[in-house]
Amino acid sequence: MRDIIFKNLTSVDKSRRIIASQEASEENGLRTNIYRHLLCIVKTVENTEAVLPRPVLYVIKKRDTKQKREFFYCRIRGSIYLTHQEKIHLLTYVHSLRIVLKAASKLATLS
């Protein structure tokens with residue numbers, strides 16, 4: 001069985017967009033939850049002389065053998081310049097991915 005939730009939120013002036021999804025599945029006694037989240041912000045800039053911050057990558061992986069659980073988290077943050085209709089825009093984004101693997105309890109599978 002697989003459950004998927006998808007959200008797409010855009011601001012009124014379309015300068016900010018949030019896209020999020022959540023997926024839950026259970027197979028062979030393993031419950032998997034996957035969460036994705038993307039945030040984009042667009043701003044019009046006059047020049048590109050400002051130095052962009054360096055992209056940031058953040059990764060965590062944890063394993064708990066007592067609770068039979070594994071956790072993975074990844075986050076990427078960055079900025080890029082774009083041109084559209086002879087204007088310069090700054091696109092700032094944050095993307096995160098979280099995966100949780102857990103042994104399904106036998107009582108939950110029987111009911």
Side-chain angles (χ1 to χ4, degrees):
M1 182 174 128
R2 178 177 281 183
D3 296 326
I4 298 175
I5 298 172
F6 184 76
K7 296 179 185 177
N8 187 355
L9 306 171
T10 306
S11 64
V12 177
D13 60 356
K14 297 188 179 184
S15 66
R16 179 185 213 117
R17 175 169 282 188
I18 300 171
I19 301 172
S21 70
Q22 177 181 347
E23 180 179 341
S25 65
E26 190 170 326
E27 188 176 328
N28 298 330
L30 182 66
R31 178 174 291 152
T32 305
N33 292 327
I34 301 171
Y35 306 93
R36 295 178 186 93
H37 191 265
L38 175 65
L39 169 67
C40 294
I41 301 172
V42 179
K43 296 179 184 176
T44 304
V45 294
E46 296 298 324
N47 57 24
T48 59
E49 292 178 7
V51 177
L52 290 176
R54 293 179 57 151
V56 177
L57 174 64
Y58 183 71
V59 177
I60 295 177
K61 183 177 180 183
K62 293 182 182 178
R63 177 179 276 178
D64 187 354
T65 56
K66 289 183 182 178
Q67 294 184 355
K68 297 182 181 177
R69 183 176 175 187
E70 194 168 331
F71 175 81
F72 175 79
Y73 181 75
C74 177
R75 179 180 225 169
I76 300 170
R77 178 183 296 173
S79 301
I80 58 173
Y81 286 114
L82 305 169
T83 58
H84 179 67
Q85 297 178 352
E86 299 181 8
K87 291 183 182 178
I88 301 172
H89 303 282
L90 175 64
L91 173 70
T92 304
Y93 62 91
V94 177
H95 184 268
S96 62
L97 170 68
R98 182 173 52 152
I99 301 173
V100 179
L101 302 172
K102 187 176 179 182
S105 64
K106 293 181 181 180
L107 296 175
T109 57
L110 295 175
S111 53

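Basis for what follows: all heavy atoms, side chains included, without hydrogens, waters or symmetry-related copies. Residue numbers count from 1 along this sequence.
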At their closest point, which heavy atom of Leu30 faces which heavy atom of Ala103, and how far apart are they? CD1-N, 4.4 Å
What is the minimum heavy-atom distance between Tyr93 and Ser79, and which atoms define it? CE2-N, 3.8 Å
Identified side chain to side chain contact (heavy atoms under 4.5 Å, CB included) partner of Arg17 from the options Ile41, Val42, Leu38, Asn8: Asn8
With the side chain counted from C-beta on, respond yes when [X] and [Y] share a heavy-atom pair under 4.5 Å apart, and no when they do not.
X: Ile88; Y: Asn47; value: no
X: Leu91; Y: Cys40; value: yes
X: Leu57; Y: Cys74; value: yes
X: Lys7; Y: Ile18; value: no
X: Gln67; Y: Lys102; value: no
X: Val45; Y: Tyr81; value: yes
X: Ile34; Y: Leu97; value: yes

Spell out, yes or no, whether Val56 and Leu52 are grouped together once hydrophobic residues are joined by side-chain heavy atoms under 4.5 Å, including indirect joins. no
Transitively linked via ILVMFWY side-chain contacts under 4.5 Å: Ile19 with Ile5? no
Reported [atom1]-to-[atom2] distance for the pair [X] and [Y], which is rounded to 0.5 angstrom:
X: Arg98; Y: Gln22; atom1: CZ; atom2: CD; answer: 8.0 Å
X: Arg54; Y: Arg77; atom1: CZ; atom2: CZ; answer: 15.0 Å
X: Ile60; Y: Phe72; atom1: CD1; atom2: CZ; answer: 10.0 Å
X: Glu23; Y: Asp3; atom1: CD; atom2: CG; answer: 9.5 Å
X: Lys68; Y: Leu101; atom1: NZ; atom2: CG; answer: 14.5 Å
X: Lys43; Y: Arg16; atom1: NZ; atom2: CZ; answer: 9.0 Å

So, the side chain of Asp13 versus the backbone of Ser15: is there a donor-acceptor pair under 3.5 Å, distance only? yes
Keeping the roles fixed (side chain from Thr10, backbone from Lys14), state whether a donor-acceptor pair exists under 3.5 Å. no
When you measure from the centre of the six-membered ring of Tyr58, is the NZ or CZ of Arg75 under 6.0 Å away and within 45° of the axis? no
